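What you are looking at is a predicted structure, and each value in this text was computed from that prediction instead of being measured.
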Amino acid sequence: MKDVYNPKAVEPKWQAEWQKRKSFAAGDDHRPRYYALEMFPYPSGNLHMGHVRNYSIGDVVARYHRMKGENVLHPIGWDAFGLPAENAAIKNKVHPEKWTRQNIAVMRGQLQALGISYDWDREFATCDTEYYRWNQWFFLKFYEKGLVYKKKAAVNWCPVDQTVLANEQVSSEGRCWRCDSLVETKELAQWFIKITDYAEQLLKDHDQLRGKWPEEVLTMQAHWIGKSEGAEVIFPLQGRSDKLTVFTTRPDTLFGATFLALAPEHPLARELVDKNGKSKELDGLVTIQRARKRDRQETADKNGFFLGVQAINPVNQKPVPIWVADYVLMEYGTGAIMAVPAHDQRDFEFATKYKIPIIQVIQPSGTPLTLPLREAYEDEGSLINSGEFNGIPSNESKRKVAEWLQQQGAGKATVTYKLRDWLVSRQRYWGTPIPMMTCSSCGLVPVPEKDLPVVLPTDVKFTGTGESPLAQSASFVNVTCPKCKGKARRETDTMDTFVDSSWYFARYTDPKNGQACFDSAPANAWLPVNQYIGGIEHATMHLIYSRFWHKVMRDLGLVKSNEPFDQLLTQGMVTLGGSAMSKSRGNVVDPNAIIEKYGADTARLFILFAAPPEKQLEWNDDAVEGQWRFLNRVWRLVKNYLEKNTQGAAAPEENQKALRRKMHWAIQKVTHDFGTDIQINTAIAAVMELVNQLYGYEGLGDAASGEAVRTVVQLLSPAAPHLMEELWQTLGLPGLASESPWPQADPQWLTADSVEIVVQINGKLRSRLVLAPGASKDVLEREALKDPKVQIALAGKSVGKVIVVPDKLINIVIR
């Protein structure tokens with residue numbers, strides 16, 4: 001063996017061997033099952049370091065569980081539909097499918113070069129007809145269940161990508177999640193999925209995920225779902241026959257409502273400004289609201305204007321003016337609020353700015369509020385200025401006022417959610433065609449299941465302007481109605497690509513099935529996914545959509561489990577210079593370059609060791625070099641062991657015991673950190689400690705060191721698999737390291753039969769004692785004082801006190 005190993009020779013050798021042996025194929029046997037999954041990639045053309053981190057973490061988990069004797073499903077596929085492919089088609093005059101397939105080929109090769117242990121026989125891309133036909137099947141089933149509908153709606157429109165965006169795809173600054181352009185509003189007939197029917201389940205079932213998902217993700221989802229308990233209040237409009245319904249969480253303050261405020265995008269606001277000539281002012285408010293971060297609503301300046309119409313407060317029949325205000329969100333409640341300036345700070349600031357009356361209706365217990373108010377009083381108290389409800393505690397009066405409203409036909413107690421139905425229509429080509437058509441006689445007509453899939457046509461042109469490319473394809477658009485056999489027009493919208501990723505994890509359990517989306521037997525055997533890994537940025541999109549979709553699949557009788565993912569790990573991003581890696585910033589590190597210079601195992605080991613998985617990882621060239629040196633240190637350890645194996649004398653028994661204790665400690669530590677906490681960095685650190693002890697071990701080559709060297713190779717196998725296979729073979733061991741049984745920690749070696757205790761005098765080291773662990777303080781003090789070295793140092797001196805830290809330290813203080 002040379003002193004430095006050659007990854008260019010080692011890594012392809014073992015990748016070929018794994019492929020030949022089908023080492024990573026999930027079996028159909030009675031071993032315990034384990035499903036490890038990382039969020040599948042969009043085939044953009046090249047892996048970046050964020051990918052490498054995500055897939056390396058998942059690979060450690062999968063390899064560890066295989067070595068534990070479990071039947072592991074670890075699949076990979078491609079989230080292949082989407083705008084970038086279509087934009088590339090426009091720019092480069094190439095079909096989106098060709099661009100996508102080329103990128104998949106490149107990225108597949110990169111993943112294989114990293115040695116990720118995927119079951120490649122289960123690979124698919126969401127642009128495969130065999131996959132997206134089942135998107136269409138699900139759409140029809142949702143339609144049958146009343147979970148899909150089409151309506152005209154004001155929608156988020158990206159002017160750059162020329163498509164509609166779901167609310168979740170618009171940033172809090174009002175920008176497109178993909179291209180960062182400022183989102184506009186358009187009114188279009190769109191398809192929606194009724195995710196709101198499952199809002200309460202999505203929220204309630206967080207209880208099943210608590211302790212297994214990051215609390216931050218659950219908090220983000222809870223905020224996005226936005227459950228609020230309160231009341232709907234119906235305000236008749238003065239001089240009109242219609243009424244305005246508002247939602248409030250504080251029905252107890254209804255007597256203090258001095259104005260109503262509409263969101264700038266509320267239909268009534270648009271109707272009224274069209275009549276009073278203030279359309280430009282309203283457009284300005286819409287722009288201001290979208291440019292403002294939602295989580296900064298409390299501190300932003302508030303703007304609005306009177307719409308020229310009054311409503312009638314149902315509790316006292318007093319007129320209240322209707323304003324439009326940019327701090328009111330269309331996404332919340334009904335998009336209209338009753339404003340109570342005395343008891344809501346946002347309303348207070350708006351009323352103060354525009355000189356709207358402020359009426360106090362809650363009096364705190366104890367000292368009365370000083371009038372005029374300098375800020376809103378938002379705490380509990382008792383009602384005043386509230387007619388028959390005066391004197392009732394505000395908490396109790398919420399229920400009483402809601403009951404009164406219901407009795408009067410003026411409202412009711414209700415629960416509302418910020419979550420809105422999922423807008424899935426997209427006016428682009430590269431996505432799943434929506435399997436519906438419009439017939440002049442029959443109206444909306446679903447495509448019959450027997451006619452699925454509705455396949456994307458090839459006779460299209462990609463210009464990036466005007467109608468969807470599908471709308472320009474006569475062969476696609478013009479069809480026969482399956483009901484009346486008359487002429488019909490096929491739907492030309494495609495589905496949001498988040499549909500593709502909402503159920504892909506289930507398809508992996510039965511990916512070749514041509515008769516169904518998947519068979520329930522394998523799906524129920526594998527689901528839920530045991531460990532899911534991906535970025536926290538998907539908390540309020542993919543991770544909500546997939547939870548919803550799984551619950552619908554449960555209700556369709558396809559799966560039994562309630563949730564798709566049991567454990568969730570959200571890995572931190574990889575940064576350089578403190579910023580996320582980005583081509584535009586010029587701070588990208590190419591994984592190919594690292595693999596070319598150091599090999600895949602070094603790239604993997606650095607990215608696994610540099611930070612805890614959930615934390616941000618700062619790229620460091622020196623630390624990469626450090627992992628290369630460590631792997632070569634392990635290589636030389638095996639080389640040195642083999643050279644001394646036939647000639648070296650066994651180490652003293654105490655040294656052998658110390659090595660075995662360290663080895664079993666490392667096994668216990670790595671087993672816990674790979675299997676329970678997924679703290680891979682500390683697991684690798686434990687193996688490094690064992691390697692260090694072996695380098696200082698004077699009996700290298702004896703039986704104890706042989707066992708420890710084999711253990712090092714096994715413990716590192718999930719993280720640096722290529723080199724460990726090579727070393728396993730070099731050691732003459734049977735089979736593969738990756739297929740060897742995971743080592744077991746022996747409890748008898750986890751408890752030391754002796755401990756070394758430092759003895760100090762006035763803080764200065766004087767001696768060391770080796771004693772049985774757990775000795776009492778009296779015994780430790782007595783043994784320290786009779787130690788010969790200590791007695792010499794104490795000659796002629798008077799001992800003041802003895803400080804004892806059991807099993808660690810004795811400090812003798814001289815007067």
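When ring centroids are compared, Trp503 and Tyr131 come within the 6.0 Å threshold. Between His542 and Trp549, the distance separating the two ring centers is not shorter than 6.0 angstrom. Aromatic rings from Tyr508 and Phe518 are positioned such that their centres are separated by 6.0 Å or more. If you look at His550 and Phe565, their ring centroids are not closer than 6.0 Å.
How far CZ of Phe609 is from OG1 of Thr602: 13.5 Å, rounded to the nearest 0.5 Å. The CZ atom of Phe139 lies 11.5 Å from the CG atom of Leu452; values are rounded to the nearest 0.5 Å.
Ala26 approaches Asp119 most closely through the heavy-atom pair N-OD2, 3.0 Å. The shortest heavy-atom contact between Met107 and Gly45 is SD-N, 3.6 Å.
With sequence neighbours excluded, no residue satisfies salt bridge (Lys or Arg N to Asp or Glu O under 4.0 Å) with Glu537. Legend: residues meeting salt bridge (Lys or Arg N to Asp or Glu O under 4.0 Å) with Asp500, ordered by chain and number and at least two apart, are absent. Residues meeting the ring pair (Phe, Tyr, Trp, His ring centres under 6.0 Å) test with Tyr55, sequence neighbours left out: His51. When the salt bridge (Lys or Arg N to Asp or Glu O under 4.0 Å) test is applied to Arg101, the partners found at least two apart in sequence or on another chain are Glu97, Asp128. Under the ring pair (Phe, Tyr, Trp, His ring centres under 6.0 Å) criterion, Tyr143 pairs with no residue at all, not counting sequence neighbours. Residues meeting the salt bridge (Lys or Arg N to Asp or Glu O under 4.0 Å) test with Lys483, sequence neighbours left out: none.
A donor and an acceptor atom, one from each side chain of Gln567 and Trp213, are nowhere located under 3.5 Å apart. Remark: the Asn135 side chain and the Trp137 side chain contain no N/O donor-acceptor pair separated by less than 3.5 Å. Judged by distance alone, the side chains of Tyr35 and Gln531 never bring a donor and an acceptor atom under 3.5 Å apart.
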Could you go through Phe498 and Trp422, starting from their C-alpha distance and side-chain angles, then the distance that decides it, and tell me whether this counts as side-chain contact (heavy atoms from CB on, under 4.5 Å)? CA-CA 10 Å; Phe498 279 104; Trp422 179 8; 3.8 Å; yes
Give the intermediate values and the outcome of side-chain hydrogen bond (donor to acceptor under 3.5 Å, both in side chains) for residues Asp493 and Gln427. CA-CA 5 Å; Asp493 284 356; Gln427 290 67 45; 3.1 Å; yes
Ring pair (Phe, Tyr, Trp, His ring centres under 6.0 Å) for His95 and Phe462? Distances and angles first, verdict last. CA-CA 8 Å; His95 195 279; Phe462 301 98; 5.7 Å; yes
Ring pair (Phe, Tyr, Trp, His ring centres under 6.0 Å) between Tyr118 and Phe24: does it pass, once the steps are laid out? CA-CA 6 Å; Tyr118 290 131; Phe24 311 128; 9.1 Å; no
Ser117 vs Arg66, side-chain hydrogen bond (donor to acceptor under 3.5 Å, both in side chains): CA-CA, chis, key distance, verdict: CA-CA 10 Å; Ser117 63; Arg66 275 194 207 94; 2.9 Å; yes
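A salt bridge is defined here as a Lys NZ or Arg NE, NH1 or NH2 lying under 4.0 Å from an Asp or Glu carboxylate O, and Arg133 with Glu449 fails to meet this definition. Of the charged side-chain nitrogens involved, at least one lies within less than 4.0 Å of a carboxylate oxygen, so that Arg426 and Asp496 count as a salt-bridged pair. For the pair Glu563 and Arg547, the salt-bridge criterion is met [side-chain N within less than 4.0 Å of a carboxylate O].
Using a 4.5 Å cut-off on side-chain heavy atoms (C-beta onward), Lys13 and Val10 make no contact. Under the 4.5 Å side-chain criterion, counting only non-hydrogen atoms from C-beta, Ile607 is not in contact with Gln571. Between Pro214 and Glu614, every side-chain heavy-atom pair lies at or beyond the 4.5 Å cut-off. Side-chain contact between Trp120 and Gln19 is absent, with no heavy atoms from C-beta onward closer than 4.5 Å.
No more than 12 heavy atoms of other residues, nucleotides or ligands sit less than 6.0 Å from atom CE of Met573. Remark: Lys512 NZ is packed, more than 12 non-hydrogen atoms of other residues, nucleotides or ligands lying under 6.0 Å away.
For Gln136 (side chain) and Thr432 (main-chain N/O), no donor-acceptor pair under 3.5 Å exists by modelled atom type. Remark: side-chain polar atoms of Glu11 are paired, donor with acceptor, to backbone N or O of Asp601 under 3.5 angstrom.
Residue Ile193 forms a side chain to side chain contact (heavy atoms under 4.5 Å, CB included) with just one option from Tyr545, Tyr149, Phe142, and that option is Phe142.
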